[in-house]
Novice: 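Mind having a look at this structure? Questions to follow.
Numbers restart at 1 for each chain; the letters A, B, ... are given by sequence-line order, proteins then strands. The shown structure was predicted, so the numbers you read here are calculated from the model rather than taken from an experiment. Only this structure's heavy atoms are used, side chains among them; waters, hydrogens and symmetry mates stay out.
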Amino acid sequence: MAHDHKLEIFRGLVKFKSNISKIWGVLIFLSIITTIEVVLGIIRPAFLVETSFLGMHLLNWIFIILTLVKAYYIAWDFMHLRDEKTALRRVIVWTPIFLVSYLIFILLFEADYIHEVYKEGFIKWNF
Amino acid sequence: MDTTVTTGEEQNVWGGGNKPLGASYGKMMMWFFIVSDALTFSGFLAAYGFSRFKFIETWPIADEVFTHVPFFHGNFPMIYVAFMTFVLIMSSVTMVLAVDAGHKMQKNRVIWYMFLTIIGGIIFVGSQGWEWATFIKGDHGAIETKGGRILQFVDAKSGERVGIADFAKEIASERTQHENRSGIWFTSEGSLPSYSVTEVVEGFKANSNLLVRTELKNEEGHKTVLSRDESLKNLLNASQVVEGANLIHNEYGSRLFADFFFFITGFHGFHVFSGIVINIIIFFNVVLGTYEKRRSYEMVEKVGLYWHFVDLVWVFVFTFFYLV
């Protein structure tokens, strides 16, 4: 376990010769994603900000998806989840994903409702 | 050896000694901790999302809040935090290289990589301290209204932000900071802002090229700039001058933004700090040859997991505080 590493990333598209070269490969990949995020964050392309999808504009969706991609590679390659047994990996990954999606769903819906109350209701708060 | 310990094909499931998940006790416990800590951070970030969606139209724009880089003047949104992110990812890489060297029992390489990891962590925490200090000190200053809203000032022509120090009128005033030695002994107050409300408002009236910018975001996601008449009308509600941010007042806009910023980045920074301390302990253990004697560097792997987790959390904090 500890000594044999799975050396393929991108579903076998890239295969590294050693664990060390895989680490550097993942670093390059993560740096590229971070650079894309920062560049998008600075220029904020108008067409991405103006297009909205499921109540959030496209740019924010891109940021969140890129974040999840980064999180995946940190967990899979740096934290060696790729080399763990499937059962352990699923326990670690799916438990938080399930609970956190539920929490986010509830809280954001509630917040949107409160926002509506503040906006449409007879409460004056913005003065 | 006990008779219940069996080997090979006829393994007794309840006899002990099984490792169904193929991980040692210590590693399992580290994962337990990481999962629960991940849920804690998720709770914080979800609460941040809650407050943000609640005040979605008035939430501060991060690109306008975090614009500074040490030793440089000017407006550089994102640059410094991108540097911090890179430092943390880099220290994650040296950590995973230390783990890899540990598997191969290369003591000297473990020492070097652990050392670099610790340095990276210290640079990160230092940067975060600087980021906090800049945020607390503030930038342009603003007026808080009686309703607790923030009014900022912009130049009518360029639309650039104008600091209150640039236009406030000097008015001689008797008002000084109240200290408990010079009056009622059981009351005291914090330091006064550099300008009084009257000074700022009079200065605003005297400079016809200034306009007030409110917290409200317009259709394009920019903060609304009021007309001159509207600006003057809004300034009638002024209650105090705000410089910088703390848990109660925040010149950048919604005070909840500052509260969550301090709380979540503070909690993360505390994790980085404790990670550095644990790394240092393990570093000295490696130097002393503890794991060499143990013939296993699994301890390095365990602190490595924690360190990567801290990096993982930062990836999310970075997205939700600085990008989105």
Novice: Under 4.5 Å, counting heavy-atom pairs only, tell me which of A:D77, A:V100, A:T35, A:V49 racks up the most with chain B.
Specialist: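 Heavy-atom pairs under 4.5 Å are most numerous for A:V100.
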
Novice: Measuring heavy-atom distances to chain B, does A:R89 have an atom under 4.5 Å in its side chain, in its backbone, in both, or in neither?
Specialist: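 For A:R89, no heavy atom lies under 4.5 Å from chain B.
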
Novice: Taking every heavy-atom pair that is under 4.5 Å apart, which of B:M90, B:E57, B:M78, B:M28 has the most such pairs with chain A?
Specialist: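 Heavy-atom pairs under 4.5 Å are most numerous for B:E57.
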
Novice: Side chain from CB out, backbone as N, CA, C, O: work out which of these in A:L108 comes under 4.5 Å of a heavy atom of chain B, or both, or neither.
Specialist: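 Contact with chain B involves both backbone and side-chain atoms of A:L108.
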
Novice: Using side-chain heavy atoms (C-beta onward) and a distance below 4.5 Å, is B:F316 in contact with A:K70?
Specialist: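 With C-beta onward as the side chain, the pair stays apart.
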
Novice: Under 4.5 Å heavy-atom distance to chain A, tell me which part of B:V313 shows up: side chain, backbone, both or neither.
Specialist: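 When you check distances to chain A, no heavy atom of B:V313 falls under 4.5 Å.
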
Novice: So do the side chains of B:F50 and A:E110 get within less than 4.5 Å of each other, counting heavy atoms only?
Specialist: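 Yes; the side chains approach each other to less than 4.5 Å.
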
Novice: Atom CZ of A:F78 and atom CG of B:L312: how far apart are they, to the nearest 0.5 Å?
Specialist: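 Here the interatomic distance stands at 11.0 Å.
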
Novice: Counting heavy-atom pairs under 4.5 Å with chain A, which one of B:G147, B:A47, B:G148 comes out on top?
Specialist: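 Ranked by heavy-atom pairs under 4.5 Å with chain A, first place is B:G147.
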
Novice: Can you tell which part of A:H80 gets under 4.5 Å to a heavy atom of chain B, answering side chain, backbone, both or neither?
Specialist: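 For A:H80, the contact with chain B is made by the side chain alone.
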
Novice: Do B:W31 and A:L81 touch side chain to side chain, with heavy atoms closer than 4.5 Å?
Specialist: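 B:W31 reaches A:L81 side chain to side chain.
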
Novice: Should we count CZ of B:F76 as having more than 12 external heavy atoms under 6.0 Å?
Specialist: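 More than 12 within 6.0 Å, yes.
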
Novice: Working to the nearest 0.5 angstrom, can you tell me the gap between B:T319 OG1 and A:I65 CD1?
Specialist: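 Answer for the OG1-CD1 pair, B:T319 versus A:I65, is 11.5 Å.
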
Novice: State the CD1-CD1 distance between B:I56 and A:I114, to the nearest 0.5 angstrom.
Specialist: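 These two atoms lie 13.0 Å from each other.
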
Novice: Can you name the closest pair of heavy atoms from B:D63 and A:G41 and give their distance?
Specialist: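 So the two residues come closest at OD2-O, 2.9 Å.
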
Novice: Using the benzene-type ring in the case of Trp, are the ring centres of B:F53 and A:F109 under 6.0 Å apart?
Specialist: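 Aromatic pair excluded; centres sit 6.0 Å or further apart.
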
Novice: Pick from B:L97, B:L305, B:V81: which one has the most heavy-atom pairs with chain A under 4.5 Å?
Specialist: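 The candidate making the most pairs under 4.5 Å is B:L97.
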
Novice: Under the rule for side chain to side chain contact (heavy atoms under 4.5 Å, CB included), what residues qualify as partners of B:T40, not counting sequence neighbours?
Specialist: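 B:T40 satisfies side chain to side chain contact (heavy atoms under 4.5 Å, CB included) with B:D37, B:F44, B:F267 once adjacent residues are dropped.
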
Novice: Would you indicate whether B:F32, at its atom CZ, is surrounded by more than 12 heavy atoms from other residues, nucleotides or ligands within a distance under 6.0 Å?
Specialist: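 Counting neighbours around CZ of B:F32, 12 or fewer heavy atoms of other residues, nucleotides or ligands fall under 6.0 Å, so no.
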
Novice: Stepwise, does the salt bridge (Lys or Arg N to Asp or Glu O under 4.0 Å) test hold for A:E84 with B:K27?
Specialist: CA-CA 11 Å; A:E84 299 294 352; B:K27 229 167 111 175; 3.0 Å; yes

Novice: Taking atom NZ of B:K233 as the centre, report whether more than 12 heavy atoms of other residues, nucleotides or ligands fall under 6.0 Å from it.
Specialist: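 Incorrect, the count does not exceed 12.
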
Novice: Which atoms form the tightest heavy-atom contact between A:L103 and B:S42, and what is the distance?
Specialist: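 Heavy atoms of A:L103 and B:S42 come nearest at CD2-O, 4.2 Å.
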
Novice: For atom CH2 of A:W76, is the number of surrounding heavy atoms from other residues, nucleotides or ligands below 6.0 Å larger than 12?
Specialist: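 Yes, CH2 of A:W76 has more than 12 neighbouring heavy atoms, counting only those of other groups under 6.0 Å.
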
Novice: First locate atom CG of B:L45, then atom CG of A:L107, and finally report the distance between them rounded to the nearest 0.5 Å.
Specialist: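 One gets 11.5 Å once the value is rounded to the nearest 0.5 Å.
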
Novice: Search all heavy atoms of B:L323 against all heavy atoms of A:F63 and return the closest pair with its distance.
Specialist: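 Scanning both residues, the minimum pair turns out to be O-CE1, 3.6 Å.
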
Novice: Identify the two heavy atoms, one from B:V35 and one from A:P96, that lie closest to each other, and give their separation to 0.1 Å.
Specialist: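 Scanning both residues, the minimum pair turns out to be CG1-CG, 3.9 Å.
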
Novice: Side chain from CB out, backbone as N, CA, C, O: work out which of these in B:S36 comes under 4.5 Å of a heavy atom of chain A, or both, or neither.
Specialist: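 For B:S36, there is no contact with chain A at all, as no heavy atom is under 4.5 Å.
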
Novice: With side chains defined as the heavy atoms from C-beta onward, is the minimum distance between B:F318 and A:T67 less than 4.5 Å?
Specialist: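 No, every pair of side-chain atoms sits at 4.5 Å or beyond.
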
Novice: For chain B, find which of A:I92, A:I74, A:D112 contributes the most heavy-atom pairs closer than 4.5 angstrom.
Specialist: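 Max contact count across the listed options: A:I92.
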
Novice: If a pair satisfies side chain to side chain donor-acceptor pair (under 3.5 Å) and one of its residues is in residues 75-102 of chain B, list it, with sequence neighbours excluded.
Specialist: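 Sorted pair list: A:N19-B:D100, B:Y80-B:S127, B:T85-B:W314, B:S91-B:W307, B:S92-B:H308, B:S92-B:D311, B:T94-B:T117, B:D100-B:K104.
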
Novice: Side chain from CB out, backbone as N, CA, C, O: work out which of these in B:L151 comes under 4.5 Å of a heavy atom of chain A, or both, or neither.
Specialist: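 For B:L151, no heavy atom lies under 4.5 Å from chain A.
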
Novice: Looking only at heavy atoms, what is the nearest atom pair of A:L88 and B:L21, with distance?
Specialist: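 Answer, listing the atom of A:L88 first, then B:L21: N-CD2, 3.6 Å.
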
Novice: Would you call B:V93 and A:W24 a side-chain contact if the rule is heavy atoms closer than 4.5 Å?
Specialist: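 In contact.
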
Novice: Got A:M79 and B:I34 here, is their nearest side-chain heavy-atom distance under 4.5 Å?
Specialist: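 Yes, close enough: below the 4.5 Å cut-off.
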
